[in-house]
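Single-structure report; data block below.
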Amino acid sequence: MTIFAAPVFDATVIYEGQELFKGQGAAGVWAEKLAREIETPVTVQKIGTGWALCGTVDGAERKWGIHGQRLKQLG
């Protein structure tokens, strides 16, 4: 099963219309899972009142948050 289909049951916050992880620790756990899935390093970054996952895919920087209890790339 892909990490993008796994439900995210951690607490979330909404910042500027984007759903993010509420805690750095929870974001870090999901960063490790995502890193294994996409086979590239993933870190966490504070955005406003929440935490996003950050990494580079195909040479482009990406950020992921949450949408509907699933990981989603932030626009």
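Since the model is a prediction, treat every value here as computed from it, not as a measurement. All values below were derived from every heavy atom in this structure, side-chain atoms included, with hydrogens, water molecules and symmetry-related copies excluded.
For the pair W30 and I3, the minimum side-chain heavy-atom distance is below 4.5 Å. Residues W51 and L20 form no side-chain contact, since every pair of their non-hydrogen atoms from C-beta on lies 4.5 Å or further apart. Between I47 and K63, some side-chain heavy-atom pair lies under the 4.5 Å cut-off. For the pair I38/W64, a side-chain contact is recorded, criterion being any heavy-atom separation below 4.5 Å from C-beta on.
Under the 4.5 Å side-chain heavy-atom criterion for grouping Ile, Leu, Val, Met, Phe, Trp and Tyr, L71 is not connected to V29 through any hydrophobic cluster. Under the 4.5 Å side-chain heavy-atom criterion for ILVMFWY residues, no single connected hydrophobic cluster contains both V44 and I14. Residues F4 and V42 share a single hydrophobic cluster, defined by chaining ILVMFWY side chains whose heavy atoms lie under 4.5 Å apart.
In this structure, the side chain of R70 engages the main chain of A5 through a donor-acceptor pair within 3.5 Å.
Atom-to-atom distance recorded for T56:OG1 and R62:CZ is 9.0 Å, nearest 0.5 angstrom. To the nearest 0.5 Å, the span separating CD on Q45 from CG on L53 amounts to 10.5 Å.
No more than 12 heavy atoms of other residues, nucleotides or ligands sit less than 6.0 Å from atom NZ of K22.
In terms of heavy atoms, V13 sits closest to F21 at CG2-O, 4.1 Å. E19 and H67 make their closest contact through OE1-CA, 4.0 Å (heavy atoms, listed as atom of the first residue, atom of the second, distance).
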